[in-house]
> 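What follows is a structure written as structure tokens; I'll ask about it next.
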Amino acid sequence: MKDNGLQVRSLPIDDLELDINNPRIRKFVEHHDGPLEFETMLLALGAGSSDGESGSTVTFQSLKQSIRAQGGIINPIIVLKLPSGKYQVIEGNTRVAIYRSFREDGVKGNWNTIPAIVHDTLASLEIDAIRLQCHIVGPRPWDPYSKAKYLEQLLNTENVPLTQIVELCGGRKKEISEYIEAYRDMEKYYRPTLESDDAFDPTRFSAFVELQKPGIKESVAEAGFNVTSFAEWVRDRKLYPQQTVRALPRILKHPQAKARFLAVDAREAQKILDVPAPTSLGNVPLEQLLRTVIDRLNVIQYQEVKAMKEDSGGQKAQLLLEAHEILSGYCKDISGDE
Amino acid sequence: MAESNAHQILVERLVQWTLHNISNPDSTVVLVDSPTTAAGNRPPAIAGYNPDVFCRAIGGEHILIGEAKTAGDIENKHSRDQFRAFLVYLKQCQSGTLVVAVPWRAVGQVISLIRFLQRETDTKGVKTVFLDKLPG
């Protein structure tokens with residue numbers, strides 16, 4: 001790509017024009033009648049979504065919280081200078097939208113200007129290349145263990161308060177706390193089970209993240225084991241694939257499944273638990289099944305919820321959590337949330 | 001880097017290590033599974049699995065099996081079964097070594113897997129070597 005005319009500048013956000021061809025909102029724009037006002041663009045970019053802290057990826061809300069905590073953006077946006085003297089945003093539409101919303105809402109800080117890499121000219125292919133590199137290729141993510149190690153180091157070595165870490169990470173408190181706890185458990189219980197330190201396998205980390213989910217540690221303790229036992233199961237690949245950790249409460253409560261788990265692994269134990277649904281239910285269309293489940297959930301009594309909370313390792317609570325996990329994944333795919 | 005290209009680089013490092021570490025190069029046969037190897041010169045199948053490198057000194061007892069894996073190819077059924085087969089075979093030999101080449105970031109993962117398979121197949125006595133600082 002040409003580098004002539006490339007500058008990094010602080011640009012007034014009023015001089016920026018959001019890109020209606022931005023792939024993130026194109027499907028919205030195609031079905032929108034009338035002029036595209038800023039509020040409409042903001043809605044399309046995700047301001048209206050209630051993704052909050054439930055997601056595990058960067059959402060509009062988490063990006064917003066992170067920028068607010070940081071007092072600005074770290075990576076400059078990319079713009080193209082227009083003959084009118086204004087600038088077309090090529091990369092960074094969401095960040096510009098966030099700056100504008102902060103200014104309008106009177107959020108403390110300087111939201112009038114934004115750092116930008118300014119291109120004087122860009123061919124259509126070069127614009128596509130920027131978008132592809134930013135969104136299709138993307139930066140190479142850290143592996144989860146390295147992320148957790150860094151978070152733990154910030155907290156305990158550099159004494160950054162957890163609240164500040166959470167703010168800088170966009171407010172995903174539950175996820176950040178789970179990562180830090182998982183890292184600590186892995187270092188404290190898994191590492192000592194290994195014959196030598198070079199056998200430390202960071203790809204086992206997700207099992208320890210699963211261990212932090214509601215009801216898992218409790219069920220391990222109730223069955224007479226401890227976190228060291230769990231670490232040995234991970235080491236011995238009894239919990240492989242690692243999402244089988246979610247089935248652990250049900251396995252440990254079922255004598256036959258428990259015996260199978262200890263003798264072989266969680267996948268084999270699950271075969272004992274997963275009795276096929278009766279034909280009458282198995283053949284029911286998914287829509288009907290979901291309707292019935294929704295109706296049932298809508299009339300659930302508080303006492304029943306309380307009972308599940310008290311027995312979070314129980315079959316009902318665990319199946320509900322498992323269903324939530326699976327449904328969240330599908331819902332994200334369907335709604336296109338990233 | 002394409003997956004097959006990454007694997008080929010690991011196999012090359014495996015061969016370099018083998019040639020550098022064999023005690024008697026003149027009387028040792030090193031068979032390599034690579035796109036340029038003639039069919040008759042490829043490593044023999046061991047319980048149905050062809051290793052990337054197979055090495056044996058003529059008239060000698062020591063067998064060396066080398067296997068290269070890219071990071072995304074370590075944790076699957078095929079790799080487990082393959083490593084299991086190599087470990088069991090090497091245990092039956094009078095003297096045997098399994099040499100494994102993976103990208104540097106996956107060394108801990110593959111050591112952990114091989115140690116698990118050694119416990120599972122009762123092949124702890126088989127010597128293992130894990131090449132370090134490889135790209136990928």
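Each chain gets a letter, A, B and so on, in the order its sequence line appears, and its residues count up from 1. The figures that follow rest on heavy atoms only: side chains count, while hydrogens, waters and symmetry mates do not.
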> Tell me, yes or no, whether the heavy-atom count around A:Q133 atom CD, taken from other residues, nucleotides or ligands under 6.0 Å, exceeds 12.
no
> Picking from B:L113, B:V110, B:D132, which has the most non-hydrogen pairs under 4.5 angstrom with chain A?
B:L113
> For residues 89-96 of chain B, dump all side-chain donor-acceptor pairs below 3.5 Å to protein atoms at least two apart in sequence or in another chain.
from  : atom 1 : to     : atom 2 : distance (Å)
B:K91 : NZ     : B:D122 : O      : 2.9
B:S95 : OG     : B:H62  : ND1    : 2.5

> Where does A:R204 contact chain B at under 4.5 Å (heavy atoms): side chain, backbone, both or neither?
side chain
> Is it the backbone or the side chain of B:E120 that comes under 4.5 Å from a heavy atom of chain A, or both, or neither?
neither
> Partners of A:D236 by side chain to side chain donor-acceptor pair (under 3.5 Å), sequence neighbours excluded?
B:R119
> Other residues, nucleotides and ligands only: do more than 12 of their heavy atoms fall within 6.0 Å of CD on A:Q256?
no
> Heavy-atom cut-off 4.5 Å, strictly under: side chain, backbone, both or neither for B:I114 against chain A?
neither
> Non-hydrogen contacts under 4.5 angstrom with chain B: give the residues of residues 189-201 of chain A involved, or none if there are none.
A:Y190, A:E195, A:D198, A:A199, A:F200, A:D201
> Taking heavy atoms only and a threshold strictly under 4.5 Å, list by residue number the residues of residues 237-246 of chain A that touch chain B; give 'none' if the list is empty.
A:R237, A:Y240
